[in-house]
Every structure is written in C-alpha cells, then in structure tokens.
Number of protein chains: 2
Amino acid sequence: MNAKKVVERQTGVALWRQIADLIRLSISNGDYDQTGMIPPEIVLASQFGVNRHTVRSALAALAEEGLVQAIQGRGTLIQRKERLSFPISRRTRFAQGLGDQARETEAKLLAQATLAAAGEVAAGLGIAPGTDCIMLDLMRSADGRPVSCSTNFFPADRFPHMAEQVERLGSITKAFAAEGLPDYVRVSTELVARHADADELALLRLSPGAIVIEATAVNADPDGVPVQFARTRFAADRVKLKIET
Amino acid sequence: MNAKKVVERQTGVALWRQIADLIRLSISNGDYDQTGMIPPEIVLASQFGVNRHTVRSALAALAEEGLVQAIQGRGTLIQRKERLSFPISRRTRFAQGLGDQARETEAKLLAQATLAAAGEVAAGLGIAPGTDCIMLDLMRSADGRPVSCSTNFFPADRFPHMAEQVERLGSITKAFAAEGLPDYVRVSTELVARHADADELALLRLSPGAIVIEATAVNADPDGVPVQFARTRFAADRVKLKIET
DNA sequence: TATAGTTGTCTATAATAATAGACATTTCGG
DNA sequence: CCGAAATGTCTATTATTATAGACAACTATA
C-alpha cells in the first residue's frame, strides 16, 4: 500500500482537491486504521510528488468537512471514517435502509409545486404530457448531516395531498400509506456521477467541488402502475450505494 | 429548462471543467436535441455567468473528447450524445449487458499476478488471508472507446488457469466456462464515485479531471461460494448504470 | 452582396493555485 | 529537559485560470 500515488496537473481539478479525494478514499478504505492518523504532511507531499503546502490545502479541506483534525506537534487525527451505506433494492426506503447506521433520519420538504408533466417525467410516470403532477423537493439527513436531495413527481389526480402528507409525516413511505398506498416497489434505477452544481453544494453542505451521484428512479404500486418519478442526488463522499438483487 | 445554471468559484475545480460537466450532462439529457447544436458561446457565458473565454475552454475540452465539433461561422455541433447504459443485475455480464449499444466489445488483459489474499479480498472471496489468489487487471472497451478498467481476484486453487483463459478468450464469462463454471451470479455490489487518479485517466483515456464510479462486487457460483472479487472503475461520463432488480 | 450571427485569435490584466524556504510552536519520548 | 518530529505561519515567486476587449474569419440568409 506504499505505492506512490499519482495526481495530474492542468486537469481543471486543483491538485489539493485531487489529493483530498484520494486521502478521503484511503481513510474510508481503512488504510490508516493501524494508527488512526494521517501520515505526516512531509510524507504525503513526497508520496504525491507535490509541495507540503499543497498537501496542507487538501488536509484543510478534509478538516473543514470534519473528517480529520490536525494537532500541532502530534499529527493529523482521523475523526470519522464512515460512509453511510445506502441500499438500493426493490423496496428502497430511505430511513429503513440506513437502519442503525444513523440514530436519527429526517426528510425536509424544501419546495412544492403542481405542474404539467413533460418529457422524462411524463414518460417515467406513464402519463400523457400535460397531465398535472405534484413536484416535491426534499432534503434528507442522517444525524443532522445532509445525505441527499431529491426532486420527486407524483400523479396529481391519484395523490392530491402528497405535499401536505410529506410535510406532516416527514416520509414519502408514510405519505403514500396515508394516501392509501401501503406498498410500492422500485421498477427502475439509473445512476450517473458528476460534479455538484452550486445549488447542490449549498443544499448538501458539500465541500465545494465535490461529486454527486444522481439516481433517477421510478416507483410503482404492486400492480406495476408508476406512482413516483424521483431524481435523487447523493453526496458521493458520504455514501456508498449497495445494490441488493 | 432555461433556468440559469450555476457554478461555484474557489472550489478546487476550475470553472471551465464544471461547465464542461454540465454541458455534457445537458447533451446526454437531450436538452439540445431540437437543434442538434450547443447554444452560442455568448449565450452560454451569460447563462453560467462567466466570460466567453471560459466557456470556450469548456467547449474545447468537450471537442477533445469528440463530443462536439465547433464550426466557425455556424456554431458548435453535437457529435455524439450517448452514454452507454450498463445494467447491473444478478447476472451482470459486460458484453451481453451492452447488447446492441456497441458493435464490438473487447476485454484486454493488462496485467496478472498470483498473490496472497488479504483484507477485503480475502473477506470477499471467503478464504483465509494468505491463501493464494490470481489477480487480473482488465480494460474493457466498446467500439474502441475504453469504458472501464477493473482489478479481479479469483481463488487460485479452484481456477488455476484464469489468466491464460481470459487472455485467450477475451472474456471472464467464457474463461469461467472453460474452467468448468458455466454460471455465476452477483452477490453484492457497492458503488462509490470519486475523481479519477492519473492511472485511470491514462487507461481510460479520460479528459483529465474526470470522475470514475468504482463498483466493488463479489460473484459466486450457484451454490453461493464466492468465485470472483472485482473492483471496476467506470468512466462516469461515458456510462449510466442501470440497476435491474 | 450586404449583414447579422457565429467561432477563432490575439493582447493585456487580475485572481487563484502551486512551489520554495525559513522559522515558530507544540507534543512526546529518551 | 532536551531534541526530534510534527503542525502553524509568514514571505516571495511562478504558473495556471479567469476576465476583458478588440477584431478577424467564416456561414447563412435576407
């Protein structure tokens, strides 16, 4: 594991950010579990072939995230190493999925609107373009740390009060139940990864320049009729998606 | 869809790269399908709130990828818009999965070694640490474009000739068959997204600074005995992972 | 054949990122 | 209690990134 790690210049991604990403990965891989500490700045600088100040920028970013804490004279301690493991299965439920990984999970309603379904949304929900649907923007946190934000669409005729239910119950599963749908299953999920835009940075309180995983999913009732079209953006450095087949 | 798109400064990711990412996403979302062209540089610059030269850097990167082509006097044409859709299911097979999305798929053996299983690998394969396993580094391409690179581990006692078989047959599925295992299933898959390191940039011929999705998977024979531990890095801007449950 | 609307190229300047070196400060072990 | 080994801070310099403006070159169309 002492192989020289490599970073690239002139890539549009600053060296300190590439290094921060790699160190974060090493932490979550358990590479430093023996000591519970990051190697000294000088050592890292030589491993990555950069100046010590560049490494310091990377460590400052990780400290900002609360991942490490530098102590003068001693070294840089690892504070947290977990990535939440988020299961994706036929019955994907946010709160249940995280299970005992977090003491407390929360879904907060950021925005709502009723609008005409179009393009991808109409196709996903299997309704005619122009049909009314309810849009809800949600932010999900575990133990106070934002994990994902999502934009959700529901057919307005079938679930007229989704917004109020979600607001009141803090859960889509519970809102569906209150609207008379006790069970639903995931019928498709597509994943894409990209850099976060400014909205997502702010919402998810990401260290700027971070990566999001965008999951586009359709949920259906037991008869196979689509009930939800969702686009969820996960903070890529906080979650690991675990696919259950 | 004409909402002002947002990019962040001082993030460690250059503006032109963030913009290139967003434009690439818009292309693959079909936002510009009506015209088949990217909006004029001036328009993009105002949408993103940056200088025209910054947009030009982003477009130059996309042109380098072969995604767009600028024509003086006319505009910037979209050359390709596809992301390969890569299915992840109980029976994940590279070539079959891509199906008719590519005329030709290839698996190239980059490196091989026999070494003692340790840590994650031993745990994944369910063997005692120290037991010999065969490691194969593969690069997979579709129609000549690299799609993923992977590091694979197999128990050495059960599949002693995997390296030769894969080299000869150009496929893990066929190599397993030749070694007497006609069928196998995916038992676990974990996904993480991060910036590509220099090795991955070179291997996958990525535009530098790009994102990779790292899938860590275990395959098992029909009896549930693990036969393969694989860590696959996908070029995030070339694939969409489709989860089939 | 003008002309509006594009992309291409050049120069100049400012802001940010990276390197380099020196030295202060703190912790910990001998 | 000294000294080695860390992190913290400061100054200076260079390279890269971003902005700004002007104008050339090309395309399509009225």
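Below, chain A is the first sequence line, B the second, and so on; all start at residue 1.
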Counting just side-chain N and O atoms, does B:Thr54 come under 4.0 Å of either OP1 or OP2 of D:dT19?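 Checking B:Thr54 against D:dT19: at least one side-chain N or O falls below 4.0 Å of OP1 or OP2.
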
For B:Thr189, give me all partners under side-chain hydrogen bond (donor to acceptor under 3.5 Å, both in side chains), at least two apart in sequence or on another chain.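 B:Thr189 satisfies side-chain hydrogen bond (donor to acceptor under 3.5 Å, both in side chains) with B:Arg186 only.
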
Test of understanding: with side-chain hydrogen bond (donor to acceptor under 3.5 Å, both in side chains), list the residues that count as partners of A:Arg52, not counting sequence neighbours.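 side-chain hydrogen bond (donor to acceptor under 3.5 Å, both in side chains) list for A:Arg52, sorted by chain: A:Glu41.
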
Who are the side-chain contact (heavy atoms from CB on, under 4.5 Å) partners of B:Val218, not counting sequence neighbours?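 side-chain contact (heavy atoms from CB on, under 4.5 Å) check on B:Val218 returns B:Val187, B:Ser188, B:Pro226, B:Phe229.
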
For B:Pro39, check side-chain contact (heavy atoms from CB on, under 4.5 Å) against everything at least two apart and list the hits.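 For B:Pro39 the side-chain contact (heavy atoms from CB on, under 4.5 Å) partners, ignoring immediate neighbours, are B:Tyr32, B:Val43, B:Leu44.
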
Starting at atom [atom1] of [X], determine the distance to atom [atom2] of [N], rounded to an integer number of angstrom.
{"X": "B:Leu77", "N": "D:dT27", "atom1": "CG", "atom2": "P", "result": "13 Å"}
{"X": "A:Leu62", "N": "D:dT7", "atom1": "CG", "atom2": "C1'", "result": "15 Å"}
{"X": "A:Ile19", "N": "C:dA17", "atom1": "CD1", "atom2": "P", "result": "14 Å"}
{"X": "A:Leu15", "N": "C:dA20", "atom1": "CG", "atom2": "P", "result": "12 Å"}
{"X": "B:Asn51", "N": "C:dT11", "atom1": "CG", "atom2": "P", "result": "17 Å"}
{"X": "B:Gln18", "N": "D:dT17", "atom1": "CD", "atom2": "P", "result": "13 Å"}
{"X": "B:Met37", "N": "D:dT27", "atom1": "CE", "atom2": "P", "result": "12 Å"}

Spell out protein contact along nucleotides 1-10 of chain C as letters: B when the base is contacted, S when just the sugar-phosphate is, - when no protein heavy atom is under 4.0 Å; keep the 5' to 3' order. ----BBBBBB

List the atom pairs, donor and acceptor, that lie under 3.5 Å between side-chain atoms in residues 112-137 of chain B and the rest of the protein, sequence neighbours left out.
residue  : atom : partner  : partner atom : Å
B:Glu120 : OE1  : B:Arg231 : NH2          : 2.7
B:Thr131 : OG1  : B:Ala128 : O            : 2.6
B:Asp137 : OD1  : B:Thr151 : OG1          : 3.1

Heavy-atom distance under 4.5 Å between the side chains of B:Phe234 and B:Leu191, does that happen here?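 No, too far: nothing below the 4.5 Å cut-off.
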
